[in-house]
Participant: 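The structure under discussion is supplied below as structure tokens; questions concerning it will follow.
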Amino acid sequence: MGTSLSFQKIGECLYRNPASGTYYALVKVRGKQFKSSLKTKNLTEARRKLKDFRNDIGRIDQAAGKITVEALADRYLATIQHQAVATVRKKKDIAQRVKDKWGVLQAKDLKKSQIMSWLAAFKFGSGSRNKHLRLVRAMFKLATDDGILARSPIEGVKEEKVEKPIRQTPSPVEFQAIVDSIRSQPFADTREESADFVEFLGLAGLGLAEATALTWGDVNFDRGQIITFRHKTRQGFAVPIFPQLRPLLEKRFVRAMAQNGGSAPLPNAKVFTVANAKKAIEAACDRLKLPGYTSRSFRRTFITTAIERGVDIKVVSQWQGHRDGGKLILDTYSHVRPVHSEQMARLMTTENPSNVIPMEGVA
């Protein structure tokens with residue numbers, strides 16, 4: 001803490017820096033001294049924070065308190081193995097960067113300034129910075145929850161606001177042109193499969209993972225719905241077989257029956273035999289002189305079209321397997337809402353719109 005000349009002792013374990021007015025805690029537990037700024041100039045608040053600090057110190061496992069950053073990172077990674085494969089892989093990559101930087105350093109000795117300097121050294125955007133920050137935060141939260149550390153060095157550090165650019169989205173006409181271009185290639189063995197796969201993405205509004213995993217057991221023509229699984233959120237959900245989608249699925253079902261000797265395809269048989277039409281999409285966009293659209297672009301086409309046709313945002317959200325009541329859709333597609341707003345504004349007239357049936361006997 002320094003000499004008695006530089007800090008004023010206010011009470012048991014409580015000190016004050018006369019130059020700044022900030023209060024500090026100096027606590028000794030089982031022969032080991034712990035010191036920390038209480039980050040306040042208010043005496044009442046300082047006493048409360050001192051009490052919390054002493055309680056935190058008392059919970060610390062002194063043996064585990066010597067854990068290295070590398071061991072703490074491994075301890076954290078062991079808790080996320082149930083997450084999606086791609087998510088685990090990305091977190092392992094970030095954790096490896098943490099270990100490469102501070103592996104042998106004891107976790108209790110890592111300072112906030114070191115973490116901030118490390119993050120600042122990377123030449124990446126706000127999104128990637130926030131992912132690195134979240135992982136470090138999660139590591140040290142685990143350490144505090146387990147009684148390894150009293151405080152996290154990353155406390156108070158906020159994530160950067162991520163810009164949300166309006167991504168290029170093909171119009172329905174461009175989407176159909178891409179499908180037709182893929183289907184018309186004379187020397188492509190998989191042209192029909194690839195074209196059907198891409199067409200399904202745009203007409204069903206599902207992602208690549210959901211479309212690739214789709215089996216005939218997931219498709220119920222009688223109930224008019226598809227049961228699928230959103231891998232990103234690990235949640236199952238149902239999607240209607242939209243009128244625009246039914247002819248494509250019926251065509252593929254007839255083809256699957258022919259390939260199965262006239263019998264219905266097995267429930268576990270895949271609806272699509274291609275897993276990715278990336279090259280076909282790139283080639284079609286190049287031929288048509290269109291932007292470099294991807295499979296994700298067609299999902300955006302579906303959502304944008306649905307919103308502009310007046311489909312309720314909450315319903316669109318449910319079709320996407322979201323459980324936030326439409327918040328993500330509203331945030332992501334806010335640029336579409338003015339179009340929908342203008343359409344709805346036309347209904348606010350003193351005359352009855354054409355879709356309203358007057359009730360007899362009511363003025």
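All values derive from a computational prediction rather than experimental measurement. No hydrogens, no waters, no symmetry mates; every other heavy atom, side chains included, goes into these values.
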Participant: Check whether any side-chain heavy atom of K35 lies under 4.5 Å from a side-chain heavy atom of V27, and answer yes or no.
Facilitator: no

Participant: Would you kindly say whether E174 and Y293 are connected by a side-chain donor-acceptor distance under 3.5 Å?
Facilitator: yes

Participant: Would you confirm whether Q225, through its side chain, and A238, through its main-chain N or O, come within 3.5 Å as a donor-acceptor pair?
Facilitator: no

Participant: Would you say the side-chain atoms of T68 pair up with the backbone N or O of L105, donor to acceptor, closer than 3.5 Å?
Facilitator: no

Participant: Measure the shortest side-chain to side-chain distance between R137 and L133 over non-hydrogen atoms and say whether it is less than 4.5 angstrom.
Facilitator: yes

Participant: Evaluate V69 against V98 for side-chain contact (heavy atoms from CB on, under 4.5 Å), listing each step before the verdict.
Facilitator: CA-CA 8 Å; V69 173; V98 174; 3.6 Å; yes

Participant: Which heavy atom of L245 sits nearest to which heavy atom of A204, and what is that distance?
Facilitator: CD2-CB, 3.7 Å

Participant: Work out which heavy atom in A275 is nearest to a heavy atom in L208; give both atom names and the distance.
Facilitator: O-CD1, 4.0 Å

Participant: Show, in sequence, the C-alpha distance, side-chain angles and deciding distance for I178 and C285, and conclude whether the side-chain contact (heavy atoms from CB on, under 4.5 Å) test is met.
Facilitator: CA-CA 7 Å; I178 291 171; C285 289; 3.9 Å; yes

Participant: What closest approach, in Å, do G205 and Q320 show between heavy atoms, and which atom pair accounts for it?
Facilitator: O-NE2, 3.0 Å

Participant: State which residues pass side-chain contact (heavy atoms from CB on, under 4.5 Å) with N130; sequence neighbours excluded, sorted by chain then number.
Facilitator: R134, E159, E160, V162

Participant: May I ask you to check whether H322 and F237 place their ring centers less than 6.0 Å from one another?
Facilitator: no

Participant: Using atom types as modelled and distance alone, determine if a side-chain donor or acceptor of S128 lies under 3.5 Å from a backbone N or O of F124.
Facilitator: no

Participant: Is there a side-chain contact between R299 and E210 (heavy atoms, below 4.5 Å)?
Facilitator: yes

Participant: To the nearest 0.5 angstrom, please state how far the CG atom of L149 sits from the CD1 atom of I67.
Facilitator: 8.5 Å

Participant: Can you name the side-chain contact (heavy atoms from CB on, under 4.5 Å) partners of P172, sequence neighbours left out?
Facilitator: T305

Participant: Please list, chain by chain and in numerical order, all residues satisfying ring-ring contact (aromatic ring centres under 6.0 Å, His included) with F298, sequence neighbours excluded.
Facilitator: F175

Participant: Is it true that V88 and L135 fall in one hydrophobic cluster, defined by side-chain heavy atoms closer than 4.5 Å?
Facilitator: no

Participant: Would one find more than 12 heavy atoms of other residues, nucleotides or ligands at under 6.0 Å from atom CZ of R223?
Facilitator: no

Participant: Tell me whether Q185 contacts the main-chain N or O of S181 through its side chain, where contact means a donor paired with an acceptor under 3.5 Å.
Facilitator: yes

Participant: Measure the spacing between CZ of R296 and OG1 of T169 and express it to the nearest 0.5 Å.
Facilitator: 13.0 Å

Participant: Could you please spell out the steps behind the side-chain contact (heavy atoms from CB on, under 4.5 Å) verdict for I148 and R75?
Facilitator: CA-CA 12 Å; I148 297 173; R75 190 175 183 132; 3.6 Å; yes

Participant: Checking K101 against Q114: is there a side-chain donor and acceptor pair closer than 3.5 Å?
Facilitator: no

Participant: Going through the checks in order, is the side-chain contact (heavy atoms from CB on, under 4.5 Å) test met by F197 and T190?
Facilitator: CA-CA 10 Å; F197 185 73; T190 61; over 6 Å; no

Participant: Decide yes or no for I227 and N220: does some side-chain heavy atom of the first lie under 4.5 Å from some side-chain heavy atom of the second?
Facilitator: no

Participant: Taking all non-hydrogen atoms of both residues, which atom of F229 and which atom of G236 are closest, and how far apart?
Facilitator: CD1-N, 3.9 Å

Participant: Is the closest side-chain donor-acceptor distance between Q168 and R300 under 3.5 Å?
Facilitator: no

Participant: Say whether L266 and V219 are linked into one hydrophobic cluster, either directly or through other cluster members, by side-chain heavy-atom distances under 4.5 angstrom.
Facilitator: no

Participant: Are L206 and L328 in one and the same hydrophobic cluster, where Ile, Leu, Val, Met, Phe, Trp and Tyr link if side-chain heavy atoms are under 4.5 Å apart?
Facilitator: no

Participant: If we ignore hydrogens and angles and just use 3.5 Å, is the side chain of T87 paired with the main-chain N or O of Q83 as donor and acceptor?
Facilitator: no

Participant: Taking the six-membered ring for Trp, are Y24 and F53 ring centroids under 6.0 Å apart?
Facilitator: no

Participant: Can you measure from CD1 (I115) to NZ (K111) and round to the nearest 0.5 angstrom?
Facilitator: 10.0 Å

Participant: Which residue pairs pass the salt bridge (Lys or Arg N to Asp or Glu O under 4.0 Å) test with at least one member in residues 251-272, sequence neighbours excluded?
Facilitator: E193-R252, E193-R255, D196-K251, D196-R252, D196-R255

Participant: Atom OG of S194 and atom NZ of K278: how far apart are they, to the nearest 0.5 Å?
Facilitator: 14.0 Å

Participant: Taking C-beta and beyond as the side chain, do Y23 and L43 meet within less than 4.5 Å on heavy atoms?
Facilitator: yes

Participant: Take a 6.0 Å sphere around NZ of K90 and say whether it holds more than 12 heavy atoms from other residues, nucleotides or ligands.
Facilitator: no

Participant: Are the side chain of S317 and the backbone of I313 linked by a donor-acceptor contact shorter than 3.5 Å?
Facilitator: no

Participant: Does atom CD (Q81) have a neighbourhood of more than 12 heavy atoms from anything else shown, all under 6.0 Å?
Facilitator: yes

Participant: Any idea how F302 and F242 line up, ring-wise: parallel (<30°), tilted (30 to 60°), or perpendicular (>60°)?
Facilitator: tilted

Participant: Can you measure from CG (L50) to OH (Y15) and round to the nearest 0.5 angstrom?
Facilitator: 11.0 Å

Participant: Mark yes or no for whether N260, through its side chain, and A264, through its backbone, hold a donor-acceptor pair below 3.5 Å.
Facilitator: yes

Participant: If every non-hydrogen atom of P265 is compared with every non-hydrogen atom of M257, which pair is closest and at what distance?
Facilitator: CD-CG, 3.9 Å

Participant: Could I get the full list of side-chain hydrogen bond (donor to acceptor under 3.5 Å, both in side chains) partners for K141, not counting sequence neighbours?
Facilitator: D145

Participant: Search all heavy atoms of T215 against all heavy atoms of N268 and return the closest pair with its distance.
Facilitator: CG2-O, 3.8 Å

Participant: Short question: side chain of K28, backbone of L26 - any donor-acceptor pair under 3.5 Å?
Facilitator: no

Participant: For E70, which residues count as a salt bridge (charged side-chain N to carboxylate O under 4.0 Å, His left out) partner, sequence neighbours excluded?
Facilitator: none

Participant: For a 4.5 angstrom cut-off between non-hydrogen side-chain atoms, does R16 reach F7?
Facilitator: no

Participant: Is the shortest side-chain heavy-atom distance between K92 and L77 below 4.5 Å?
Facilitator: yes

Participant: Are the side chains of T228 and D218 in touch, meaning some heavy atoms are under 4.5 Å apart?
Facilitator: no

Participant: Rounded to the nearest 0.5 Å, what separation is found between the CG atom of L14 and the NZ atom of K49?
Facilitator: 12.5 Å

Participant: Hey, does the side chain of T301 reach the backbone of P170 with a donor-acceptor pair shorter than 3.5 angstrom?
Facilitator: yes

Participant: Answer yes if W102 and I94 sit in the same cluster of Ile, Leu, Val, Met, Phe, Trp and Tyr residues linked by side chain heavy atoms under 4.5 Å apart, and no otherwise.
Facilitator: yes

Participant: Under the 3.5 angstrom rule, does the side chain of T79 hit a backbone N or O of Y76 as a donor-acceptor pair?
Facilitator: yes

Participant: Run the numbers on E282 and K279 for salt bridge (Lys or Arg N to Asp or Glu O under 4.0 Å), then give the verdict.
Facilitator: CA-CA 5 Å; E282 289 177 348; K279 291 183 178 179; over 6 Å; no

Participant: Between F200 and F272, how do the two ring planes meet: parallel, tilted or perpendicular, split at 30° and 60°?
Facilitator: tilted

